[in-house]
Amino acid sequence: MTKPPASEQSDLHPEAVQPAGEPVAAEVTSSAAADMEQTVLARPDVDPAVSLSKTAGPAEELGRPSSARAAPPLTPLPSRAEEEAPHRTRFLTFLRLLAGWAVLGVLAYVMWTPGEWQNSLLLWVFLVILADEFGGWFGYLGLLLGGLGYFSPSAPPAQWLIILPLVGGALMALLLVKHSGGVLVLPFAGLLFAGTLLAVARFGTKFDPTLTLPANDTFLRAALIAMLAGLGFSLVRQLAGLWLRRRGRQTTAAGVAA
């Protein structure tokens, strides 16, 4: 029998039919390893320490702010009373100045026009203390207006030559003591004013026999009544101011606590 002829087919890798351990097989293996190495080198380097997915730690959760970064404190909005306080202060200042100038205007009219000295004395003392309640310099201007009668067309009463320096000095002492404190100094200011006039009424004639006006009951009555009325108004005004300020502090403290 004759053997059939072997099939003629071209082997693309003739090295594959070589037995193991020969050089051709080694070259094929090294070529395959080189191809694999190139394939591995073509991939992007991935650092195993870098994680593409961020995992939330025990102190941080996704979607929530970290506790290490505190939120900025919220500034509270001013209340309506705080917004209106500057406007109220300016309005009250305007009213105080307007009232002070109005009192000085009335006092200037009284001193300019002729009249009985008893009425002029009473209005002068009362309006000076009243004007002082709207500002210290209003009171001192009122003292100066006491001499306005000497410049008026009609001559002032003859008694005014004694009333102006005597009562004017007592009024100046009253204003100085009154400006040194609050409610507690008002009795001392009144005692100083009254004590000065009573001392002159008691001992004035011993130094000057013609100085009889301070001992006149009409003179003392007009001066002391005007002084008591003026200091009484100052007492009520200061007590009302203390009560309003205390109430405002309590309201503010209650609003802060709430």
Side-chain angles (χ1 to χ4, degrees), residues 94-179 185-238:
F94 169 75
L95 289 181
R96 178 177 60 82
L97 295 176
L98 181 62
W101 284 114
V103 172
L104 288 182
V106 173
L107 180 58
Y109 175 77
V110 171
M111 294 292 103
W112 185 264
T113 56
E116 297 291 334
W117 65 267
Q118 302 94 327
N119 300 331
S120 299
L121 173 60
L122 188 146
L123 290 175
W124 183 42
V125 174
F126 174 73
L127 291 179
V128 166
I129 300 175
L130 181 63
D132 186 70
E133 292 299 307
F134 303 105
W137 54 282
F138 283 124
Y140 297 124
L141 286 177
L143 281 176
L144 296 178
L145 289 177
L148 188 62
Y150 293 109
F151 302 95
S152 64
S154 58
Q159 294 87 345
W160 204 254
L161 291 174
I162 300 174
I163 293 173
L164 183 62
L166 176 60
V167 179
L171 267 178
M172 175 67 75
L174 181 147
L175 294 179
L176 291 176
V177 175
K178 181 173 175 289
H179 294 164
V185 301
L186 292 180
F188 298 99
L191 289 176
L192 180 61
F193 179 85
T196 302
L197 298 184
L198 292 175
V200 174
R202 176 69 181 271
F203 304 104
T205 54
K206 294 183 178 181
F207 298 97
D208 186 359
T210 62
L211 192 61
T212 58
L213 182 63
N216 190 335
D217 294 338
T218 304
F219 170 84
L220 292 176
R221 187 184 304 110
L224 295 180
I225 289 176
M227 180 268 298
L228 292 175
L231 291 183
F233 178 85
S234 177
L235 177 64
V236 173
R237 199 267 313 168
Q238 293 190 42

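With sequence neighbours left out, Tyr140 forms a side chain to side chain donor-acceptor pair (under 3.5 Å) with His179. Under the rule for a side-chain contact (heavy atoms from CB on, under 4.5 Å), the partners of Arg237 that lie at least two apart in sequence or sit in another chain are Glu133. Residues meeting the side-chain contact (heavy atoms from CB on, under 4.5 Å) test with Ala102, sequence neighbours left out: none. Applying the side chain to side chain donor-acceptor pair (under 3.5 Å) rule to Gln118 yields no partners; only residues at least two apart in sequence or on another chain are considered.
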Can you give me every donor-acceptor pair (side chain of residues 214-229, partner residue at least two apart or in another chain, under 3.5 Å) with its distance?
{"residue": "Asn216", "atom": "OD1", "partner": "Thr218", "partner atom": "N", "Å": "3.0"}

Sequence neighbours left out, cut at 3.5 Å: what donor-acceptor pairs do the side chains of residues 190-212 make with other protein atoms?
{"residue": "Thr196", "atom": "OG1", "partner": "Leu192", "partner atom": "O", "Å": "2.7"}
{"residue": "Asp208", "atom": "OD1", "partner": "Thr210", "partner atom": "N", "Å": "3.2"}
{"residue": "Asp208", "atom": "OD1", "partner": "Thr210", "partner atom": "OG1", "Å": "2.8"}
{"residue": "Asp208", "atom": "OD2", "partner": "Thr210", "partner atom": "OG1", "Å": "3.2"}

Under 3.5 Å, side-chain donor or acceptor atoms of residues 119-128 against the rest of the protein: list the pairs with distances, not counting sequence neighbours.
{"residue": "Ser120", "atom": "OG", "partner": "Glu116", "partner atom": "O", "Å": "3.2"}
{"residue": "Trp124", "atom": "NE1", "partner": "Gly142", "partner atom": "O", "Å": "3.1"}

Under 3.5 Å, which donor-acceptor pairs do the side chains of residues 152-167 form with other protein atoms, sequence neighbours left out?
{"residue": "Ser152", "atom": "OG", "partner": "Gly149", "partner atom": "O", "Å": "2.7"}
{"residue": "Ser152", "atom": "OG", "partner": "Ser154", "partner atom": "O", "Å": "2.7"}
{"residue": "Trp160", "atom": "NE1", "partner": "Gly146", "partner atom": "O", "Å": "3.0"}

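Summarising the geometry, atom OG belonging to Ser234 is positioned 8.5 Å from atom CD1 belonging to Ile129; distances are rounded to the nearest 0.5 Å. The CG atom of Leu175 lies 5.0 Å from the CG atom of Asp132; values are rounded to the nearest 0.5 Å. Taken from CG in Leu231 to CD in Gln238, the straight-line distance is 9.5 Å, to the nearest 0.5 Å.
Under the ring-ring contact (aromatic ring centres under 6.0 Å, His included) criterion, the residue pairs touching residues 95-120 are Trp101-Trp137, Trp101-Phe138, with sequence neighbours excluded.
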